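Note that these values count all heavy atoms, side chains included, but never hydrogens, waters or copies made by symmetry. Throughout, protein chains are lettered first and strands after them, A, B, ... in sequence-line order, and every chain is numbered starting at 1. Bear in mind that the values here come from a model prediction, so they are computed numbers and not experimental data.
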There are 2 protein chains.
Amino acid sequence: MNMYNSAMILNPVAQRFILHWGEMGSKWGVNRTVAQVHALLYFVGKPMPADEITETLGVARSNVSNSLKELQNWNLIQVVHIMGDRRDHFTTSSDVWVLFKTVVHERKEREFDPTISVLRDCLESPDLDKEDAEAQQRIKEALGFMEVLSTWGDQMLKLEPSTLMKVLKLGSKIKDLLSLAK
Amino acid sequence: MNMYNSAMILNPVAQRFILHWGEMGSKWGVNRTVAQVHALLYFVGKPMPADEITETLGVARSNVSNSLKELQNWNLIQVVHIMGDRRDHFTTSSDVWVLFKTVVHERKEREFDPTISVLRDCLESPDLDKEDAEAQQRIKEALGFMEVLSTWGDQMLKLEPSTLMKVLKLGSKIKDLLSLAK
DNA sequence: TATTAATTTCTGTTTTAACTGAAACAACTG
DNA sequence: CAGTTGTTTCAGTTAAAACAGAAATTAATA
């Protein structure tokens with residue numbers, strides 16, 4: 001055990017929030033515990049040591065350890081230290097925009113960009129030449145689509161959150177501005 | 001068995017494309033076979049009967065049956081019939097934009113919107129009042145964020161693919177237009 | 001440097017989802 | 001309506017991921 005007293009009591013709303021976030025994660029290919037740990041840190045809004053997370057969520061210590069590592073790999077949490085406490089404490093940004101941008105950036109790098117590479121490879125392969133031209137065209141279109149989306153994503157990620165917000169709020173009114181652009 | 005001859009031979013490029021698409025699906029919470037079946041239909045660009053899909057992918061017939069059903073639930077494939085052939089044939093749009101919009105629309109309805117509901121419930125719950133105001137504020141910000149994204153998504157989905165394409169191509173130049181907007 | 005605290009790694013178990021093959025069902029054909 | 005073709009459902013199996021608990025490692029303290 002540990003010299004500190006652990007286990008934070010979560011009220012029902014916090015539980016609902018954290019559990020739902022975990023399920024949401026599962027549906028998007030994120031480990032449930034990982035999502036729960038992050039939701040917890042976001043909810044409490046202050047740094048927590050691993051043991052406290054463990055007891056609060058009621059999962060194994062090692063599970064928390066791995067989840068924290070995973071979240072660090074995703075740049076979603078940071079380690080901080082509390083004066084007079086040897087333990088690592090973990091915290092996450094309370095700015096949803098920052099979190100969102102981080103996730104989009106990471107997923108793009110890990111999953112989107114590699115897919116673009118594969119499609120490029122496919123098009124360059126001599127095996128495709130023998131194939132009918134239409135299939136080649138479809139791969140080309142899929143690639144073009146992903147490239148447009150990728151470039152756009154990069155540019156959006158560079159915007160200030162407040163600017164990005166304005167863009168989103170603009171919504172489909174952007175259509176009207178389109179004629180002005182050139 | 002079946003009175004027709006099945007099994008389409010896939011060249012290495014097609015295989016690479018389909019297998020990668022399957023792995024990609026897994027990482028985003030989509031069943032691998034489901035993703036593969038869809039990739040195959042996209043690649044071949046013409047209607048295929050279930051048996052031919054089965055033999056081409058080398059998976060169980062029932063697996064294909066369930067995958068096709070799933071893809072129909074997602075509105076990603078359609079059933080068509082070929083003159084003189086009793087079997088159902090399945091086909092998917094060759095327009096990546098249409099496919100993308102379909103997926104975004106469905107996922108939004110299934111996973112995004114329900115989460116918004118949960119967050120609203122959380123905020124309305126009397127249990128949260130007792131909680132510190134900052135946690136409440138964070139939930140509120142998460143909700144606000146998701147609502148903005150949701151509204152924006154709905155509006156983007158309504159745009160013509162060609163218009164949407166222009167918006168994406170505009171990229172961060174949109175920043176300059178922002179001052180003109182009101 | 002011995003002791004304790006804190007964290008990670010490892011191995012085995014559990015859980016969940018995917019998948020198969022067979023049986024049931026439905027639709028069509030002669 | 002008997003036989004055939006095509007599709008779906010279902011029960012059981014397999015495979016993959018998540019998770020737990022113990023052991024090992026690292027780091028801090030005294």
Colleague: Assess the residue pair E106(A) and N75(A) against the criterion (side-chain hydrogen bond (donor to acceptor under 3.5 Å, both in side chains)); give the C-alpha distance rounded to whole Å, side-chain angles, the decisive distance to 0.1 Å, and a yes or no.
Modeller: CA-CA 8 Å; E106(A) 295 281 337; N75(A) 278 310; 3.1 Å; yes

Colleague: For E147(A), does the CD atom sit with more than 12 other heavy atoms under 6.0 Å from it, leaving out its own atoms?
Modeller: yes

Colleague: Find out whether the Lys NZ or Arg CZ of R107(A) is both under 6.0 angstrom from the six-membered ring centre of W28(B) and within 45° of the ring's axis.
Modeller: yes

Colleague: Figure out the CZ/C1' separation between R87(B) and dC28(C), and round it to whole Å.
Modeller: 14 Å

Colleague: Report, as a single string ordered 5' to 3', how protein heavy atoms within less than 4.0 Å touch nucleotides 20-26 of chain D: B base, S sugar-phosphate only, - not at all.
Modeller: BB-----

Colleague: Could you give the CD1-to-C1' distance, from I53(B) to dT8(D), as a whole number of Å?
Modeller: 15 Å

Colleague: Would you say that more than 12 heavy atoms from the other residues, nucleotides or ligands in this model lie under 6.0 Å from the NE2 of H89(A), or not?
Modeller: yes

Colleague: Rounded to the nearest angstrom, tell me the gap between atom CD in E70(A) and atom P in dT9(C).
Modeller: 13 Å

Colleague: Please tell me if K69(A) has a side-chain N or O lying less than 4.0 Å from either OP1 or OP2 of dT7(C).
Modeller: no

Colleague: I need the CE-P distance between M48(B) and dG6(D), as an integer number of Å.
Modeller: 15 Å

Colleague: To the nearest Å, how far apart are H81(A) NE2 and dA5(C) P?
Modeller: 17 Å

Colleague: Name every residue in residues 24-42 of chain A that has at least one heavy atom under 4.0 Å from any atom of DNA chain D, in order of residue number, or write none if there are no such residues.
Modeller: N31(A), R32(A), T33(A)

Colleague: Between K108(A) and S150(A), does any side-chain donor sit less than 3.5 Å from a side-chain acceptor?
Modeller: yes

Colleague: Just the rounded figure in Å: distance from P of dT5(D) to CD1 of I82(B).
Modeller: 20 Å

Colleague: Please report the distance, rounded to the nearest Å, between CD in Q72(A) and P in dT7(C).
Modeller: 11 Å

Colleague: Should the pair R110(A) and W74(A) be classed as cation-pi, given the thresholds of under 6.0 Å to the six-membered ring centre and 45° from the axis?
Modeller: yes

Colleague: Nearest whole Å is fine: how far is dT8(D) P from D88(B) CG?
Modeller: 7 Å

